[in-house]
Amino acid sequence: MYAEFDNSLVTGNDMIDEQHKELIAKINKLIDCCEQSSGKLEAIKMLDYLSEYTDFHFSAEEKLQEEVSYPGIEEHKKKHDEFKKSVEELHEMLIEEEGPTESFVNAVNKNVIDWLYDHIKGFDCSVASYINLNRHAERL
């Protein structure tokens with residue numbers, strides 16, 4: 001299953017939305033690599049690539065939250081840490097198995113794609129709403 005950025009994932013914050021699109025593109029490259037049976041080494045490289053971009057994206061989100069004094073930042077950081085742990089577990093799974101197996105792809109779908117969709121629709125949209133409300137508080 002490939003990930004898709006659709007209207008349900010739009011937060012309204014251009015920086016966050018663009019980074020989410022890029023994150024989804026990297027997830028799809030990992031899935032494509034697995035489906036093409038590119039091998040263990042290639043899958044590890046793609047997972048590393050995804051992990052590096054995730055670290056960049058989470059840092060940008062957390063910095064933005066700090067700048068606006070977002071009250072839910074600590075819980076949001078915990079969710080980011082959960083995701084990072086899931087990616088580490090995927091690394092271990094790839095190393096233990098002979099390559100990107102069907103169970104690995106299923107784990108990517110559950111622990112990366114499904115998690116990301118839920119996170120964006122919940123946590124990230126909440127942050128974007130908070131920022132938008134604060135920027136336009138005079139209209140309330």
Side-chain angles (χ1 to χ4, degrees):
M1 173 179 105
Y2 285 89
E4 182 180 342
F5 188 89
D6 62 23
N7 287 338
S8 72
L9 300 176
V10 173
T11 66
N13 181 289
D14 291 339
M15 178 197 77
I16 292 173
D17 288 340
E18 288 306 312
Q19 288 183 7
H20 286 160
K21 288 175 187 175
E22 184 66 25
L23 189 56
I24 286 171
K26 290 183 183 340
I27 291 167
N28 286 337
K29 285 181 181 179
L30 173 62
I31 300 266
D32 189 52
C33 170
C34 295
E35 289 185 352
Q36 300 300 321
S37 300
S38 299
K40 183 177 183 176
L41 183 59
E42 189 64 26
I44 289 172
K45 284 171 42 177
M46 291 307 302
L47 191 57
D48 286 343
Y49 185 54
L50 172 64
S51 181
E52 287 171 14
Y53 190 80
T54 300
D55 287 343
F56 164 77
H57 170 65
F58 287 168
S59 293
E61 273 190 0
E62 291 169 8
K63 182 180 179 202
L64 178 63
Q65 291 174 46
E66 288 169 2
E67 289 171 357
V68 299
S69 301
Y70 180 66
I73 190 171
E74 291 308 316
E75 186 177 2
H76 204 129
K77 284 181 178 181
K78 285 179 187 173
K79 292 296 178 184
H80 287 171
D81 290 341
E82 286 175 15
F83 183 83
K84 290 176 187 178
K85 186 172 192 264
S86 291
V87 172
E88 287 174 21
E89 290 169 357
L90 288 171
H91 268 281
E92 291 169 13
M93 189 177 190
L94 264 180
I95 291 168
E96 289 172 7
E97 297 181 6
E98 293 184 20
T101 62
E102 185 177 331
S103 62
F104 175 79
V105 173
N106 290 337
V108 170
N109 283 321
K110 179 181 178 224
N111 299 329
V112 174
I113 296 174
D114 291 347
W115 182 95
L116 185 64
Y117 284 172
D118 289 343
H119 184 77
I120 291 171
K121 291 176 184 179
F123 282 85
D124 291 347
C125 282
S126 176
V127 172
S129 293
Y130 178 84
I131 291 168
N132 192 39
L133 282 173
N134 281 330
R135 286 187 179 153
H136 303 290
E138 71 282 351
R139 293 183 186 173
L140 300 176

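- Here CG of Leu47 is found 3.5 Å from NE2 of His91. Values are rounded to the nearest 0.5 Å.
- Under the side-chain hydrogen bond (donor to acceptor under 3.5 Å, both in side chains) criterion, Ser51 pairs with no residue at all, not counting sequence neighbours.
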For residues 120-128, run the donor-acceptor check on the side chains, cut-off 3.5 Å, and write out each pair with its distance to 0.1 Å, sequence neighbours left out.
residue : atom : partner : partner atom : Å
Asp124  : OD1  : His76   : NE2          : 2.9
Asp124  : OD1  : His119  : NE2          : 3.3
Asp124  : OD2  : His20   : NE2          : 2.9
Ser126  : OG   : Tyr70   : OH           : 3.0

Stepwise side-chain contact (heavy atoms from CB on, under 4.5 Å) test for Asp17 and Phe5:
CA-CA 9 Å; Asp17 288 340; Phe5 188 89; 4.2 Å; yes
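- Here CD of Gln19 is found 4.5 Å from OH of Tyr53. Values are rounded to the nearest 0.5 Å.
- Between Asn109 and Val105 there is a side-chain heavy-atom pair separated by less than 4.5 Å.
- The two residues Pro100 and Cys34 come nearest to each other via the heavy atoms CB-SG, 3.4 Å.
- A salt bridge does not link Lys78 to Glu82: none of the charged side-chain nitrogens sits closer than 4.0 Å to a carboxylate oxygen.
- The CD atom of Glu22 sits 10.5 Å away from atom CD1 of Ile24, with the distance rounded to the nearest 0.5 Å.
- With no hydrogens or angles considered, a side-chain donor-acceptor pair links His80 and Glu61 at under 3.5 Å.
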Stepwise side-chain contact (heavy atoms from CB on, under 4.5 Å) check, Thr54 with Leu23:
CA-CA 7 Å; Thr54 300; Leu23 189 56; 3.4 Å; yes
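- Considering only heavy atoms from C-beta on, Lys110 stays 4.5 Å or farther from Trp115 through its side chain.
- Side chain of Asn28 to backbone of Tyr2: no donor-acceptor contact under 3.5 angstrom is found.
- In this structure, Lys84 and Asp55 have side chains that are in contact, with non-hydrogen atoms separated by less than 4.5 Å.
- Using a 4.5 Å heavy-atom threshold, the side chains of Asn111 and Phe83 count as separate.
- In this structure, Lys40 NZ and Thr101 OG1 are separated by 11.0 Å, a value rounded to the nearest 0.5 Å.
- Residues that satisfy the side-chain hydrogen bond (donor to acceptor under 3.5 Å, both in side chains) test with Asp6, not counting sequence neighbours, are Ser8.
- Distance CE/Met46 to CG/Leu41: 12.0 Å, rounded to 0.5 Å.
- Every residue two or more places apart in sequence or in another chain that forms a side chain to side chain contact (heavy atoms under 4.5 Å, CB included) with Glu67 is listed here: Lys63, Leu64.
- Expressed to the nearest 0.5 Å, how far CG of Leu50 lies from NE2 of His57 amounts to 11.0 Å.
- Every residue two or more places apart in sequence or in another chain was checked for a side-chain hydrogen bond (donor to acceptor under 3.5 Å, both in side chains) with Lys29, and none qualifies.
- Side chains of Tyr117 and Glu4: a donor-acceptor N/O pair is absent below 3.5 angstrom, by distance only.
- For Glu62, there are no salt bridge (charged side-chain N to carboxylate O under 4.0 Å, His left out) partners, not counting sequence neighbours.
- Residue Glu66 places its CD atom among more than 12 non-hydrogen atoms of other residues, nucleotides or ligands, all under 6.0 Å distant.
- Glu42 and Lys45 are joined by a salt bridge, as a carboxylate oxygen and a charged side-chain nitrogen come within less than 4.0 angstrom of each other.
- Smallest separation of non-hydrogen atoms from Ser69 and Tyr130: O-OH, 3.3 Å.
- In terms of heavy-atom proximity, Phe104 sits nearest to Leu90 at CE1-O, 3.5 Å.
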